[in-house]
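Since we're looking at a predicted model, the values are computed, not measured. We use all heavy atoms of the structure for the numbers below, so side chains are in, but hydrogens, waters and symmetry mates are not.
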Amino acid sequence: MADRRIMDTDWLFHYGDTADAGFMGYDDRAWRHVTLPHDWAVEYPFDKANSSGTGYLPGGTAWYRKHFSLPEDIGEKSVRIAFEGVYGRTRVWINSNYLGAHAYKYTSFSMDLTPFIKPGENVVSVRVEHEQTADSRWYTGSGICRHVYLETTPKGGFLRDSLFVRTERLGENRAILSVDYKTGGMEDITFRLIDREGCVAAETHADKPYGTASLSVPDPHSWSPDDPYLYTLSCTAASGSEEDTETIPAGIRTFSFDPDKGFFLNGTGMKIKGVCVHHDAGCLGAAVPESVWEKRLRKLKEAGCNALRTAHNPPDPGLLDLCD
């Protein structure tokens, strides 16, 4: 089965560039311990020599390294490291092997570790470059400012970001959902929609490694801002004795825009009353704890908001989960 392990603790951090830090055997014993998410800029004093866009805090280049262990049977699995967001041009190494770079600073990305990992100790190294600090007119922060995960799946299981569920039709007595999926080769696929009580609300099967499946849901409980009801979609792929299971939240809802009548949610007209927010939290910087986002959203909802505009970039995935 798939395993998604959060990798936020026990990172080593060095501010400034340094040679050879991508090599597994590099001596990092003098580096500082940090916990992710981490924004190094807010740790330093304000200085008018820095860019106003960074809040007069420093950018620069820094390194992160993490030592972690993997089990003896890891060679039978596919392993990826997933970053929800790193502010700065990012380059990643695993066990001295260069994996590649990611340029855009707000999007989530992942890299395949499978060819280079081994049982026992492994070392991932991340170089973050934010030298051109006048790259925004708002505060950006610097560093690995969102969560990092280690994702281990059976070979042939669901590919990363390959599952997507949407509402095709919604009526009083029945909803039709479509599920897009893709595996690495497994063909015996089962989808189950589970309600809040743990009961199976709908089930369907597929016999191809990729495609679109349809779920018919009787007496659906729709999602809305006033009643944010979420089902859980359980997705299982199997091949012989191998099995992979993924779960994703699923809200049943339809929406549409009409140029004359406005916005409709689940067939009912609704005024969008929202605010615009950036990805930072003031003096906390860009590494925003989820508890802060939750407090903000509750306050905004109490004030009458039902929508959020994230400016001007893909937001923290955890923020989207809280909005759901």
Side-chain angles (χ1 to χ4, degrees), residues 6 8 34-44 46 50-59 82-90 102-109 128 130 132-149 161 164 223-230 248-251 253 255-257 262-266 269-324:
I6 194 163
D8 282 353
V34 297
T35 297
L36 306 183
H38 178 244
D39 175 6
W40 78 63
V42 294
E43 300 174 349
Y44 291 87
F46 299 101
N50 296 320
S51 167
S52 61
T54 62
Y56 300 101
L57 293 170
F83 298 84
E84 289 192 338
V86 183
Y87 204 89
R89 179 177 175 82
T90 308
H102 183 78
Y104 191 57
K105 308 172 185 74
Y106 294 104
T107 47
S108 300
F109 65 97
V128 182
H130 187 203
Q132 297 179 341
T133 55
D135 57 356
S136 298
R137 60 173 176 79
W138 56 83
Y139 179 78
T140 64
S142 298
I144 306 179
C145 53
R146 297 178 186 168
H147 297 298
V148 176
Y149 294 89
D161 296 330
F164 185 78
W223 180 98
S224 72
D226 294 327
D227 183 16
Y229 190 95
L230 290 176
I248 56 175
R253 56 97 180 96
F255 64 90
S256 62
F257 288 89
F263 175 72
F264 288 80
L265 178 69
N266 301 332
M270 175 183 289
K271 296 293 184 183
I272 295 178
K273 296 175 287 187
V275 297
C276 179
V277 299
H278 285 269
H279 81 146
D280 68 301
C283 61
L284 296 179
V288 185
E290 289 184 4
S291 59
V292 173
W293 280 126
E294 182 176 359
K295 181 178 180 179
R296 280 179 157 188
L297 292 175
R298 291 190 183 278
K299 291 290 187 182
L300 288 170
K301 198 165 185 178
E302 289 172 5
C305 289
N306 62 11
L308 203 65
R309 174 179 179 255
T310 58
H312 301 271
N313 38 263
D316 185 339
L319 171 61
L320 298 180
D321 290 339
L322 288 170
C323 289
D324 288 347

Partners of [X] by side chain to side chain donor-acceptor pair (under 3.5 Å), sequence neighbours excluded?
X	result
D316	none
Y149	none
H312	R137, R309
T35	none

Sequence neighbours excluded, which residues qualify as ring pair (Phe, Tyr, Trp, His ring centres under 6.0 Å) partners of H279?
Y106
Gap separating the [atom1] atom of [X] from the [atom2] atom of [Y], nearest 0.5 angstrom:
X	Y	atom1	atom2	answer
S291	R296	OG	CZ	11.5 Å
L230	I248	CG	CD1	11.5 Å
C305	I272	SG	CD1	12.0 Å
Y139	D280	OH	CG	7.5 Å
E84	C145	CD	SG	10.5 Å
F109	F83	CZ	CZ	5.0 Å

With no hydrogens and no angle check, is any side-chain donor or acceptor of [X] less than 3.5 Å from a backbone partner on [Y]?
X	Y	result
D8	V148	yes
D39	A287	no
T90	G88	yes

Can you see which heavy atom on [X] is nearest to which on [Y], and at what distance?
X	Y	result
L284	V292	CD1-CG2, 3.7 Å
T107	P314	CG2-CG, 3.8 Å
L297	L308	CD2-CD2, 3.9 Å
A41	P58	CB-O, 3.4 Å
N266	S224	ND2-CB, 4.5 Å
R89	A103	NH1-CB, 3.7 Å

Walk me through whether M270 and N306 qualify under side chain to side chain contact (heavy atoms under 4.5 Å, CB included).
CA-CA 10 Å; M270 175 183 289; N306 62 11; 3.9 Å; yes
N313 and W138: CA distance, side-chain angles, deciding distance, side chain to side chain contact (heavy atoms under 4.5 Å, CB included) verdict:
CA-CA 12 Å; N313 38 263; W138 56 83; 4.1 Å; yes
Answer with yes or no after comparing the ring centroid distance for F46 and Y56 against a 6.0 Å cut-off, counting only values under it.
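Here the rings of Y56 and F46 have centres that are no less than 6.0 Å from each other.
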Between H130 and Y87, is the gap from one ring center to the other below 6.0 Å?
yes
Do T140 and K105 have side-chain heavy atoms sitting under 4.5 Å apart?
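No; the side chains remain at least 4.5 Å from each other.
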Is any side-chain heavy atom of P315 closer than 4.5 Å to one of L320?
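Of all side-chain heavy-atom pairs linking P315 with L320, at least one is under 4.5 Å.
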Taking only residues two or more places apart in sequence or in another chain, which ones pass side chain to side chain contact (heavy atoms under 4.5 Å, CB included) with S256?
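In terms of side chain to side chain contact (heavy atoms under 4.5 Å, CB included), with neighbours along the sequence ignored, S256 is linked to F264.
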Would R298 and E302 count as a salt bridge (charged side-chain N to carboxylate O under 4.0 Å, His left out) here? Give the steps.
CA-CA 6 Å; R298 291 190 183 278; E302 289 172 5; over 6 Å; no
Verdict with reasoning, H147 to E290, per side chain to side chain contact (heavy atoms under 4.5 Å, CB included)
CA-CA 11 Å; H147 297 298; E290 289 184 4; 3.5 Å; yes
How about K301: does its NZ atom have over 12 heavy atoms from other parts shown lying under 6.0 Å from it?
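Yes, because the 6.0 Å sphere around NZ of K301 holds more than 12 heavy atoms from other groups.
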More than 12 non-hydrogen atoms from neighbouring residues, nucleotides or ligands closer than 6.0 Å to OH on Y104, yes or no?
yes
